[in-house]
Protein chains: 2
Amino acid sequence: MEKHYTIGQFKKMSGLTARTLQYYDEIGILTAQRTEGGHRYYLESHVHTLQKIVSLKFLGFSLEETADFINKDSWNEKDSLIFQRDMMEKKREQLNDSIRLLNLAIEQIETGGALHTDIFISMINNVHMEKSHKRWFAAFMPEPRINALFDRLKSEQETIEKKSMHLFSRLKEAIGIDPTSSEVGKLVAELMEFAMEIVGDELPLLEQIPAADLEEDPWLFPYPFTPEEEQWLKQAVNHYMEKEGIQIGKN
Amino acid sequence: MEKHYTIGQFKKMSGLTARTLQYYDEIGILTAQRTEGGHRYYLESHVHTLQKIVSLKFLGFSLEETADFINKDSWNEKDSLIFQRDMMEKKREQLNDSIRLLNLAIEQIETGGALHTDIFISMINNVHMEKSHKRWFAAFMPEPRINALFDRLKSEQETIEKKSMHLFSRLKEAIGIDPTSSEVGKLVAELMEFAMEIVGDELPLLEQIPAADLEEDPWLFPYPFTPEEEQWLKQAVNHYMEKEGIQIGKN
DNA sequence: CTTGCACATCACGTAACGTGATGTTTTAGA
DNA sequence: TCTAAAACATCACGTTACGTGATGTGCAAG
């Protein structure tokens, strides 16, 4: 005589809840046998089917997709497997981005600094809107050069993000201090150097982009400083420029 | 006069749908202004708030959590950030597992072999049930040694999985062939060698585990072969053992 | 003044169950 | 054999973050 499990035994074995088993029964993905009184019971074959179900769920398939797999017993069409893998890889990239950004914020707090929301937001945005930014830049640069620029930045993304976070935070905290002081001068010097590092050889082209265009779109390019803060920053940068005798537009 | 956006302009700018904006209005996370006629309109401050919302969503927060963040404008409690990061890291581990397993199946198909569902299932299970397996082994081995064993296997997980997939598949395809043939003998030899590699120095202890215990739990240890297939495999292994004159139990 | 578009509000659908509420079957013990 | 408790059954509504119509107004242009 075949072993049979009540729903209570079955749920203990599988670790699923009774509700889940009832739901699987309801949608017909795991149809239980019934006693005369109407209680569910399960056989070894159900164990096997349920194995398949939880395994496929583990791979990230929906119950509907899972049902398809269960009905056919050879899984040799690689299309759905490849599709699924690609979906999961996209999700993983997403997670990598958010984990990296969360760590950035955590580190900033742990090193004793304050986390400035505007800075954080603009950095998140930078990652989130990458594709839109690429399209935007397409109006000023040929595509291969855009890609080269973005690829270079991406290869050092984490370093750049950490530097940005640190530098912008210190700048924000310096607001109010005399813009001509040597303390502020040092920060601005750092900022300029950092900006040069970012733009690299694309300086001439990027300089041509009118600053107004950038500020015109508050959605695509949220600014980490408020208008008053920016006012202060401009003073500081101007002072620095005059002292150094350089004439370059500031982004 | 402040710039104001209709919902149509706002959705184009943000890339969200009107329904989403209406929903955010409804749950009070982004309350729009209204014209006399009842139409929604948005100001610059709404742009800023929406930036926060989409940024926090990008980090994986729910709208409810997002609402909390928006209400307080300093984000210096690292607890929720750390909690969130840990959640996301768990999800990423999950994804890594499923991607690796999907690739395993895809490769198996691409190299021209058939994907045997029972083998695949039992390999998925192996990853999925790792914690349960550890608990199960705790009845036979002290915990530090279990951890050492599992850590060793984990460091070569992908290699082991590929080998398993390849070897078990060839075994399954050999079923029906004379168990005493040299072809089968070779496969069994590979199997034994592989098994030795896996158990490593834990052979004596693992040998003590009665095979019945393993087979007794069809949920925890789904077997990649059917009873008939197993019968054949036993014959092949026995033949191999006699020929080699070794006496070791088989798992 | 009308026409057409943009916008408004219901209201139900989604996925995979969780969580009671309430009634019936099964089983263990007297 | 009877009873009380445990186990099980079926509704039915809640969850998240919107999508998707259906149907009824506001608004700007001709």
Side-chain angles (χ1 to χ4, degrees), chain A residues 3-43 46 49-50 52-70 84 87-88 91 94 98 128, chain B residues 4-43 46 49-70 84 87-88 91 94 98 128:
Chain A
K3 226 186 302 184
H4 75 286
Y5 305 88
T6 68
I7 197 172
Q9 296 165 329
F10 210 57
K11 76 179 180 155
K12 255 181 211 160
M13 182 181 68
S14 66
L16 302 177
T17 68
R19 176 63 172 116
T20 298
L21 292 168
Q22 185 253 317
Y23 180 66
Y24 288 175
D25 197 354
E26 185 185 325
I27 65 173
I29 201 176
L30 186 74
T31 311
Q33 306 282 102
R34 299 296 186 131
T35 66
E36 287 181 15
H39 283 192
R40 270 172 263 259
Y41 68 92
Y42 297 88
L43 305 173
H46 290 110
T49 304
L50 191 53
K52 287 189 186 175
I53 295 171
V54 299
S55 294
L56 290 165
K57 275 198 58 191
F58 185 78
L59 296 183
F61 288 103
S62 71
L63 287 179
E64 200 181 345
E65 292 163 323
T66 295
D68 291 348
F69 273 98
I70 286 177
Q84 187 67 13
M87 297 292 296
M88 302 309 256
K91 282 193 187 178
Q94 253 280 342
S98 53
H128 186 186
Chain B
H4 73 285
Y5 305 89
T6 67
I7 198 173
Q9 295 165 329
F10 209 58
K11 77 179 180 156
K12 255 180 212 161
M13 182 181 67
S14 66
L16 302 176
T17 68
R19 175 65 173 111
T20 298
L21 292 169
Q22 185 253 317
Y23 180 65
Y24 289 175
D25 197 355
E26 185 185 326
I27 65 173
I29 201 176
L30 186 75
T31 311
Q33 305 283 101
R34 300 294 186 132
T35 66
E36 286 180 17
H39 283 193
R40 272 173 261 258
Y41 67 92
Y42 297 88
L43 306 172
H46 290 112
T49 303
L50 191 52
Q51 287 276 2
K52 288 189 186 176
I53 295 172
V54 299
S55 294
L56 289 165
K57 275 197 57 193
F58 185 78
L59 296 183
F61 289 102
S62 71
L63 287 178
E64 200 182 345
E65 292 163 322
T66 295
D68 290 348
F69 273 97
I70 286 176
Q84 187 66 13
M87 297 292 295
M88 303 308 258
K91 281 194 189 178
Q94 254 280 343
S98 52
H128 186 185

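All values below were derived from every heavy atom in this structure, side-chain atoms included, with hydrogens, water molecules and symmetry-related copies excluded.
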List in numerical order all residues of residues 18-27 of chain B for which some heavy atom is under 4.0 Å away from an atom belonging to DNA chain D. B/R19, B/T20, B/Y23, B/Y24
Distance-only donor-acceptor hits, side chain of residues 7-16 of chain A, under 3.5 Å, sequence neighbours excluded:
unit_1: A/Q9; atom_1: OE1; unit_2: A/T6; atom_2: N; d: 2.8
unit_1: A/S14; atom_1: OG; unit_2: A/F10; atom_2: O; d: 2.9
unit_1: A/S14; atom_1: OG; unit_2: A/L16; atom_2: N; d: 3.2

So, does B/T6 get its side chain near the phosphate of C/dC7, meaning an N or O under 4.0 Å from OP1 or OP2? yes
Looking only at side-chain N and O atoms, does A/R34 come under 4.0 Å of OP1 or OP2 in C/dT24? no
Could you tell me if the side chain of [Y] sits less than 4.5 Å from the side chain of [X], heavy atoms only?
X	Y	answer
B/D25	B/R34	yes
A/R40	A/L21	no
A/F61	A/Q84	yes
B/Y24	B/T20	yes

In whole angstrom, give the distance that lies between atom [atom1] of [X] and atom [atom2] of [N].
X	N	atom1	atom2	value
A/I29	C/dC17	CD1	C1'	13 Å
A/Y5	D/dA7	OH	P	19 Å
A/L50	C/dA16	CG	C1'	15 Å
B/R40	C/dA8	CZ	P	4 Å

For A/I29 and A/I53, which heavy atoms make the closest approach, and how far apart are they? O-CD1, 3.7 Å
Provide the closest heavy-atom pair for B/L30 versus B/H46 in the form atom of the first, atom of the second, distance. CD1-O, 3.8 Å
Considering only heavy atoms, which members of residues 53-65 of chain A lie under 4.0 Å from some atom of DNA chain C? A/K57, A/S62, A/L63
Results of salt bridge (Lys or Arg N to Asp or Glu O under 4.0 Å) for B/R19 - residues two or more places apart only: none
Applying salt bridge (Lys or Arg N to Asp or Glu O under 4.0 Å), can you list everything that pairs with B/D68, at least two apart in sequence or on another chain? none
Report, one pair per line, the protein and nucleotides 25-30 of chain D atoms (nitrogen or oxygen only) whose separation is under 3.5 Å.
unit_1: D/dG26; atom_1: O4'; unit_2: B/H39; atom_2: NE2; d: 3.4

Has the side chain of B/Q33 got a donor or acceptor atom that lies under 3.5 Å from a matching backbone atom of B/L43? no
With a 6.0 Å cut-off (strictly less than), is the heavy-atom count around CD of A/E26, excluding the residue itself, greater than 12? yes
